[in-house]
Amino acid sequence: MHESLFLLSLISLIFLVAGMVKGITGMGLPTVAMSLLGMLMSPASAAALLVIPSFVTNVWQCFSGPAIGSLLRRLWPLMVTIVVGTLWGSSLLANTAPQLSGMALGIALLIYAGYALLAPALTIPPRLEPWLSPLIGLVTGIVTGITGVFVMPAVPYLQALNLDKDELVQALGLSFTVSTLALAGGLFMHDVFRLNQLGMSTLVILPSLLGMWLGQKIRMHISPRRFKQCLLLFLAVLGLQLIIRPFI
C-alpha cells in the first residue's frame, strides 16, 4: 500500500515537472516525462501512461490560435506519414526488450539535445516542402513508435518553416496531438495500452495542467532561452544514463 502511494506520488511529481517545462518552453512534456519515467518502468509502459495527459495538453496548445485551418492544409502530408510511421514503429516498442527500447530512447534524447544545443538555425525553402514533409513525418513517426518521444526530426523541421511564433506553437501542438493519437493506436493494436490504464493516465492530467500553469507563471520571470539550455543538458544526461544502464 505504502509502495503504491509512493509510486503514485513520484509519478505525479514527474508530470508536474514535465508540465512546468511545457509551460515555460511550449514543449517537452512527453520528452521529460518519458526520460524520468524510464527510470521507473519500461518505455512501453511509460508511453501508455503518457497518452491522456499528452493528448489533453497538446489539444489545448493546438487550438490556442486562429491558424489551425491553414496549418492543416499546409502540413497534412507530414501528419499522415507521422501516423503511418508511428503505427509501424510501435510494434518495435511493444516487442523489444525494455533495455533495448530504453537505449533507443536515450539515443534519441542525446541526438535531440545535441542538435538543439549545437546546430545552427535552418530555413526550409517552400519548394522543398511537398517532398520533405512526408519524409520528415515518416521518420518522426518511426522514432515516436520506437521511443515514445515525438520531437525528432519534426520539431527542428517545423522550426525551419519560417512560421511566426503563434503558428509555430500551434504547429507543434498539432504534430504532438497527431503523434499522441497514433502512438495510442499503435500501443492498443499491440496490446500494450489497455483500457484499465486509462485511470492512471487520467489521474496525472491534474499535475500536468498544474505544472503548465506554474511554468507559464515562471516564464514571466526567467529567460526561456537559458532554461531551455539547462533542460537540454539535463535531457542529454538522462539519455546517457539510459544508454549505459544495461551495462551497469
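Rounding to the nearest 0.5 Å places CD1 of Ile124 at 7.0 Å from CD1 of Ile136. With rounding to the nearest 0.5 angstrom, the OG atom of Ser201 is 7.5 Å from the CG atom of Leu50. Interatomic distance, CG of Leu109 versus CG of Leu232, reported as 10.5 Å (0.5 Å rounding). The structure places CG of Leu203 at 11.0 Å from CD1 of Ile52, a figure rounded to the nearest 0.5 Å. In this structure, CD on Glu167 lies 11.0 Å from CD1 on Ile68, to the nearest 0.5 angstrom. Between atom CG of residue Leu135 and atom CG of residue Leu78 there is a gap of 10.5 Å, rounded to the nearest 0.5 Å.
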**Message:** Assess the residue pair Leu29 and Ser208 against the criterion (side chain to side chain contact (heavy atoms under 4.5 Å, CB included)); give the C-alpha distance rounded to whole Å, side-chain angles, the decisive distance to 0.1 Å, and a yes or no.
**Reply:** CA-CA 8 Å; Leu29 186 147; Ser208 300; 4.1 Å; yes
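Side chains of Ile82 and Thr144 form no contact here, defined as non-hydrogen atoms less than 4.5 Å apart. Counting heavy atoms from C-beta outward, Leu36 and Leu13 have side chains that stay 4.5 Å or more apart. Using a 4.5 Å cut-off on side-chain heavy atoms (C-beta onward), Tyr157 and Ser133 make contact.
Taking all atoms of both residues into account, the shortest heavy-atom contact from Leu75 to Leu161 is CD2-CD1, 3.9 Å. Contact detail for Met152 and Val143: the closest heavy-atom pair is O-CB, 3.8 Å. The minimum heavy-atom distance linking Gly173 with Cys62 is given by the pair C-CB, 3.9 Å. A pairwise comparison of heavy atoms in Val59 and Thr177 identifies N-OG1, 3.5 Å as the closest pair.
Between the side chain of Ser175 and the backbone N or O of Ala171, no donor-acceptor pair lies under 3.5 Å.
Pairs passing the side chain to side chain donor-acceptor pair (under 3.5 Å) check and including a residue from residues 50-59, sequence neighbours excluded, read Lys22-Asn58, Ser54-Asn58, Ser54-Thr180. For residues 66-90, the set of pairs meeting the side chain to side chain donor-acceptor pair (under 3.5 Å) definition, not counting sequence neighbours, comprises Arg74-Glu129.
In the hydrophobic clustering (ILVMFWY side chains linked at under 4.5 Å, chained through shared members), Val237 stands by itself.
One hydrophobic cluster, built from ILVMFWY side chains closer than 4.5 Å, cannot hold both Phe176 and Val80; they sit in different ones. Following chains of ILVMFWY side-chain contacts shorter than 4.5 Å, one cannot reach Leu37 starting from Leu206, and the two form parts of different hydrophobic clusters. Leu172 and Phe63 fall within the same hydrophobic cluster, defined by Ile, Leu, Val, Met, Phe, Trp and Tyr side-chain heavy atoms under 4.5 Å apart, directly or through other members.
The environment of Phe55 atom CZ is sparse: at most 12 non-hydrogen atoms of other residues, nucleotides or ligands sit within 6.0 angstrom.
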